[in-house]
Amino acid sequence: MAKIAILGFGTVGSGVLEVLRRNAQAIRRRAGEPIEVKYILDIRDFSAHPDAALFVNNIDIILNDPEIKAVVETIGGTRFAYSYVKAALGSGRSVATSNKEMVAAHGAELLTLAKQNGAAFLFEASVGGGTPVITPMHQCLAANVITGVQGIVNGTTNFILTQMADGRMEFDAALALAQQLGYAETRDPSDDIDGIDACRKTAILASLAFGRQVHPQNIPTRGIRGVAAQDIAAAKALGCAVKLIAWARQDEHQNISAGVEPMLVPASSRLYGVDDVFNGVLVTGDMLGEVLFYGKGAGRLPTASAVAADVIEALKRGAQVHDTLFWQPADPAPGPLTDPAPAAYYVRVCGLAPEALPAVYGPGQALDVQGQGAAYLAQSLTAGQLYAAQQSVEAQGGRVALVLRQMQP
């Protein structure tokens, strides 16, 4: 029997316990032995809980027990989780986590530590929630050189944008609905709507795809706060949908560019129809071409099932998994990983007449929008030209309210 510990008994941690118990027979068959939760670490009072005997409030109790073969980390953040995970891996115990912040910031270090100590460090749930992305990338696509990843990796923002499109809501009303339904944090939804969550996931995907650490602070990130119903309507008139897109690419010279930004997604893209709380990730390999991973990106049991699957994998394969699941440490880049290629951009400008926009943004198409500002689809601009255009708008007393890059079909 394999005995494990769960660190953190919140939404995902409690879900892991439920999954392991509800599907105990199937898990036993796949793991080759029963899996039993011996400890749950949480500083809160669970004395009235049916499993009160499992709870401890000191990590040393777990680390000093030789029966513990693996640890599940669902505390989140890095304040406590990082040191606990380092200690577990350093003792030769495998770790399965859903902690995207920790993996994005310390992934290379923790992968190295796991390999050095004959353990596994697995984090499938950190990107796709219950949708497998990490394992297919490092196993099924192992014979491919991955040149790019792009997709919708945050279900909260996707739900909000879907409500704005289908329900014709403004942003504030759609956010309030997401909070009411439990899809968005009620106290502070910034991680989701400002793109921070998607940025961390992008860093993980890019690090795995390109084999070296990509740091979140180098990924240019914009969220969806500035998107209005009039922009959604303008996108629809162009045959597009507005989606928060996380992306990363590597060129033939191994130069990496990456970003998180709301974009115009054309109807020809397979991401166009990814709506509501669903995620979709497109991975491009040199042999396979483009493949789509699609499913629910969050939820208590879907995410917990991915963590439980990682526990099974860790117990069966141990450090062998890191023959393919690995990336090299690297220092942060000196600046943002901006895409140098020109692209078409939708811009909405307040304080300038529509007739003034072609002189600022070059050739393009004036768009009829009902609401604040004038909208324009510029045919082709580099990031530098886009910044210069913004400076010009501000010099003329205007303000750029929103910029949406158009995704290439």
Stepwise salt bridge (charged side-chain N to carboxylate O under 4.0 Å, His left out) check, Asp51 with Arg21
CA-CA 12 Å; Asp51 292 299; Arg21 286 178 172 174; 2.8 Å; yes

Evaluate side-chain contact (heavy atoms from CB on, under 4.5 Å) for Gln150 paired with Met263, printing each intermediate quantity in order.
CA-CA 12 Å; Gln150 62 179 343; Met263 296 180 73; 5.8 Å; no

Checking Asn154 against Asn158 for the side-chain contact (heavy atoms from CB on, under 4.5 Å) test, could you report, in this order, the C-alpha distance in whole Å, the side-chain angles of both residues, the deciding distance, and whether it holds?
CA-CA 6 Å; Asn154 182 273; Asn158 206 39; over 6 Å; no

Walk me through it: do Tyr84 and Val95 pass the test side-chain contact (heavy atoms from CB on, under 4.5 Å)?
CA-CA 10 Å; Tyr84 291 171; Val95 173; over 6 Å; no

Apply side-chain contact (heavy atoms from CB on, under 4.5 Å) to residues Gln250 and Arg212 and explain how you reach the verdict.
CA-CA 11 Å; Gln250 181 172 254; Arg212 65 185 189 274; 3.2 Å; yes

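Once rounded to the nearest 0.5 Å, the distance linking OG of Ser269 with CD of Glu290 reads 7.0 Å. To the nearest 0.5 Å, the span separating OG1 on Thr78 from CG on Asn99 amounts to 7.5 Å. The distance from the CG atom of Asp65 to the CG atom of Asp60 is 12.0 Å, given to the nearest 0.5 Å. Here the CG atom belonging to Asp192 is positioned 10.0 Å from the CD atom belonging to Gln179, to the nearest 0.5 angstrom. Rounded to the nearest 0.5 Å, atoms CZ (Phe121) and CD (Glu73) are 8.0 Å apart. Rounded to the nearest 0.5 Å, atoms CG (Leu377) and CD (Gln365) are 6.0 Å apart.
Each of Val400, Asp231, Val227 was evaluated against Arg348; a single residue qualifies, Asp231, per the side-chain contact (heavy atoms from CB on, under 4.5 Å) test. Of the residues Tyr294, Phe293, Tyr183, the one that meets the ring pair (Phe, Tyr, Trp, His ring centres under 6.0 Å) test with Phe278 is Tyr294. Checked options Asp275, Asp276, Ile232; the residue passing with Leu161 is Ile232 (criterion: side-chain contact (heavy atoms from CB on, under 4.5 Å)).
Scanning both residues, Ile152 and Lys243, for their nearest heavy atoms gives CD1-CD, 3.8 Å. What you find for Phe210 and Ile146 is that their closest heavy atoms are CE2-O, 3.5 Å. Closest heavy-atom contact between Val16 and Ala304: N-CB, 3.4 Å. For the pair Arg93 and Ala119, the tightest heavy-atom approach, listed with the atom from each and the gap, is O-CB, 3.6 Å. Nearest heavy-atom pair across Leu54 and Lys38 is CD2-O, 3.5 Å. Closest heavy-atom contact between Val369 and Ala375: CG1-CB, 3.5 Å.
Looking at Asn144, its side chain does come within 3.5 Å of a backbone N or O of Met287 through a donor-acceptor pair. With hydrogens and angles disregarded, no donor-acceptor distance shorter than 3.5 Å links the side chain of Asp194 to the backbone of Ile196. Not one N or O on the side chain of Tyr345 forms a donor-acceptor pair closer than 3.5 Å with the backbone of Val403. Using a distance-only test at 3.5 Å, with no hydrogens or angles considered, a donor-acceptor pair links the side chain of His215 to the main chain of Ala330. A distance-only check finds no donor-acceptor pair linking the side chain of Asn279 to the backbone of Gly128 [under 3.5 Å]. Remark: the backbone N or O of Phe9 is not paired with any side-chain donor or acceptor of Ser14 at under 3.5 angstrom. In terms of modelled atom types and a separation under 3.5 Å, the side chain of Glu261 and the main chain of Arg222 share no donor-acceptor contact. A donor-acceptor pair under 3.5 Å links the side-chain atoms of Thr74 to the main chain of Leu7, judged by distance alone. In this structure, Thr303 contributes its side chain and Arg300 its backbone to no donor-acceptor pair below 3.5 Å. A donor-acceptor pair is defined here as one N or O able to donate and one able to accept, closer than 3.5 Å; no such pair exists between the side chain of Gln163 and the backbone of Met169.
Using bins of under 30°, 30° to 60° and over 60° for the plane-to-plane angle, the ring pair Phe46/His49 lands in the perpendicular bin.
No more than 12 heavy-atom neighbours from other residues, nucleotides or ligands sit within 6.0 angstrom of CD on Gln372. In Met1, the CE atom is crowded: over 12 heavy atoms of neighbouring residues, nucleotides or ligands sit closer than 6.0 Å. Within a 6.0 Å radius of CZ in Arg30, no more than 12 heavy atoms belonging to other residues, nucleotides or ligands are found. Within a 6.0 Å sphere centred on CG of Leu288, heavy atoms belonging to other residues, nucleotides or ligands number more than 12. Within 6.0 Å of NZ on Lys296 lie no more than 12 heavy atoms contributed by other residues, nucleotides or ligands. By the 6.0 Å contact criterion, CD on Glu185 is open, its count of non-hydrogen atoms from other residues, nucleotides or ligands being 12 or less. No more than 12 heavy atoms of other residues, nucleotides or ligands lie within 6.0 Å of CZ in Arg28, so this atom counts as exposed by the packing criterion.
Side-chain contact check for Asn255 and Asp251: at least one donor-acceptor pair (N or O, by modelled atom type) lies under 3.5 Å. Using modelled atom types and a 3.5 Å distance limit, the side chains of Glu109 and Tyr82 yield a donor-acceptor pair. For the 3.5 Å distance criterion, the side chains of Glu313 and Gln139 qualify, holding a donor opposite an acceptor.
Ile160 has its side chain within reach of Phe171: a pair of non-hydrogen atoms, C-beta onward, lies under 4.5 Å apart. Considering only heavy atoms from C-beta on, Met407 stays 4.5 Å or farther from Cys240 through its side chain. Side-chain contact between Ile4 and Leu20 is present, with at least one heavy-atom pair separated by less than 4.5 Å. Residues Thr284 and Val149 have side chains not in contact (no heavy-atom distance under 4.5 Å, counting atoms from C-beta outward). Looking at Gln213 and Pro329, their side chains never come closer than 4.5 Å, going by heavy atoms from C-beta outward. Side-chain atoms of Pro336 and Asn218, non-hydrogen and from C-beta on, never get closer than 4.5 Å to each other. Using a 4.5 Å heavy-atom cutoff, the side chains of Lys86 and His106 are not in contact. Looking at Val349 and Tyr376, their side chains never come closer than 4.5 Å, going by heavy atoms from C-beta outward.
Within the structure, the salt bridge (Lys or Arg N to Asp or Glu O under 4.0 Å) test picks out no pair touching residues 5-17 (sequence neighbours left out).
With salt bridges taken as basic N to acidic carboxylate O contacts below 4.0 Å, one links Arg405 and Asp339.
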